[in-house]
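In what follows, a structure is listed as structure tokens, so that the remarks can point back to it.
In this text the structure is predicted, and so the values were computed from the model without any measurement.
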Amino acid sequence: MSKLSGKVAVITGANQGIGKGIAGACAAEGAKVASCARNEKKLEQTARELEAAGAEVLAKPVDVTDEQAVEGFFDAVVERFGRVDLLVNNAGAFDGGRIDELTLAAWNNVVGACLTGTFLCSRRAFALMKVQGGGRILNIGSISAQRPRENSAPYAAAKVGVWGRTQATALDGRPFGIVASCLHPGNVLVERRQESGDESDDEPMMSVDTIAEAALAMLTLPPHVNMLEAIVLPVGQLYLGRG
């Protein structure tokens, strides 16, 4: 039997990159996949690819910073699949600049997508999981939560918040069999990094499939076991002592 047979996995930011990779990994292990993202065209393409591989998929365009949109999405998931067993909070955004040059709009965009969105999705998923007797929430953090780069204040702050909220959720979930954990990726060769031309993208990279495999390992642990935090990065990436 597949590791996630009969499970319902909700994955945000699932139209490309890490989210798409995790959605594919969960589907390959038998999960029914409920995916959302802001880019409707890419989301629909990803859903078609998963369905062609035999997965049962619900895909809806959602801005995870919009409370009503998030609630409507989870309503649709429950209507279609009846439950939520796994939530992967992957949706996010990146913007930066030196702190004195940052706009409030840039700050709010990143913090909203990376932190507020994970709260809104986790809140609803937690409520559903509590009633059904348990579940697992995986938040996609970043090594920037511990060792940020220059000019990345919104992203670093948001990912620190994701790690803090993961711990709080894990504590809140203990009485209800709800497990929360955080995966901190290093450099992943997602579409944005293939096309950016930024010098940091010349550093060692790992594939999307590699980080999806790590996520799957965390999602498929026995229900009484939690890998609370994991850092996964290329061996040659600057991390310890990076600047």
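We find the OG-CG distance between Ser152 and Leu102 to be 9.5 Å, quoted to the nearest 0.5 Å. The distance from atom CD of Glu150 to atom CD1 of Ile99, rounded to the nearest 0.5 Å, is 13.5 Å. To the nearest 0.5 Å, atoms CZ (Phe94) and OG (Ser144) are separated by 7.0 Å. Distance check, rounded to the nearest 0.5 Å: SG of Cys182 to CE of Met227 gives 12.5 Å. Atom-to-atom distance recorded for Ile11:CD1 and Leu219:CG is 8.0 Å, nearest 0.5 angstrom.
Listed here is the closest heavy atom pair of Gly141 and Pro185: O-CD, 3.4 Å. Here the closest non-hydrogen pair linking Ile231 and Leu233 is CG2-CD2, 3.8 Å. The minimum heavy-atom distance between Gly6 and Asp85, with the atom names listed, is O-OD2, 4.1 Å. Taking both residues in full, the closest heavy atoms of Lys3 and Thr220 are given as CB-CG2, 3.9 Å, listed atom of the first, atom of the second, then distance. Closest of all the heavy-atom pairs between Arg136 and Asn226 is NH1-OD1, 4.0 Å. Contact between Gly186 and Gln237 at its shortest, heavy atoms only, is CA-OE1, 3.5 Å.
Here Leu58 sits in one hydrophobic cluster together with Val8, Val10, Val62, Val64, Val70, Phe73, Phe74, Val77, Val78, Phe81, Val84, Leu87, Phe119, Leu120, Phe126, Leu128, Met129, Ile137, Phe176, Ile178; the rule is ILVMFWY side chains under 4.5 Å apart, joined directly or through other members. Through direct or indirect side-chain contacts shorter than 4.5 Å among Ile, Leu, Val, Met, Phe, Trp and Tyr, Leu43 is connected to no other residue.
Contact of the Gln167 side chain with the Glu229 side chain is not registered, since no non-hydrogen atoms from C-beta on lie closer than 4.5 Å. Side-chain contact check for Glu71 versus Arg123: some heavy-atom pair is nearer than 4.5 Å. Met206 has its side chain within reach of Ile211: a pair of non-hydrogen atoms, C-beta onward, lies under 4.5 Å apart. Two residues are said to be in side-chain contact when any heavy atoms from C-beta on lie closer than 4.5 Å; Ile140 and Val88 meet this criterion. In this structure, the side chains of Arg124 and Asp75 come closer than 4.5 Å at one or more pairs of heavy atoms. Under the 4.5 Å side-chain criterion, counting only non-hydrogen atoms from C-beta, Leu115 is in contact with Val162. Two residues are said to be in side-chain contact when any heavy atoms from C-beta on lie closer than 4.5 Å; Glu49 and Lys20 meet this criterion. Two residues are said to be in side-chain contact when any heavy atoms from C-beta on lie closer than 4.5 Å; Asn39 and Gln16 fail this criterion.
Of the possible polar contacts, none joining the Ser142 side chain to the His184 backbone as a donor-acceptor pair under 3.5 Å is found. Distance alone, capped at 3.5 Å, places no donor-acceptor pair between the Asp95 side chain and the Val110 backbone. Using modelled atom types, no side-chain atom of Ser2 and backbone atom of Ser5 make a donor-acceptor pair closer than 3.5 Å.
Counting non-hydrogen atoms of neighbouring residues, nucleotides and ligands closer than 6.0 angstrom, the CD atom of Glu79 reaches no more than 12 such neighbours.
Under the 4.5 Å side-chain contact rule for hydrophobic residues, Leu4 and Leu221 share a cluster.
Side-chain contact check for Thr166 and Asn139: at least one donor-acceptor pair (N or O, by modelled atom type) lies under 3.5 Å.
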Could you please spell out the steps behind the side-chain contact (heavy atoms from CB on, under 4.5 Å) verdict for Ile143 and Lys159?
CA-CA 8 Å; Ile143 62 172; Lys159 292 302 186 178; over 6 Å; no

Report the C-alpha separation of Met218 and Leu183 in whole Å, then their side-chain angles, then the decisive distance to 0.1 Å, and conclude whether the side-chain contact (heavy atoms from CB on, under 4.5 Å) test is met.
CA-CA 8 Å; Met218 298 173 79; Leu183 172 58; 3.9 Å; yes

side-chain contact (heavy atoms from CB on, under 4.5 Å) between Leu138 and Leu86, worked out:
CA-CA 8 Å; Leu138 175 61; Leu86 308 170; over 6 Å; no

Given Thr46 and Ser35, is the side-chain contact (heavy atoms from CB on, under 4.5 Å) satisfied, shown in steps?
CA-CA 9 Å; Thr46 297; Ser35 60; 6.0 Å; no

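Salt-bridge check for Glu203 with Arg149: passed, with a basic side-chain N closer than 4.0 Å to an acidic carboxylate O.
Within the structure, every pair that satisfies the side-chain hydrogen bond (donor to acceptor under 3.5 Å, both in side chains) test and touches residues 209-218, not counting sequence neighbours, is listed here: Ser207-Thr210.
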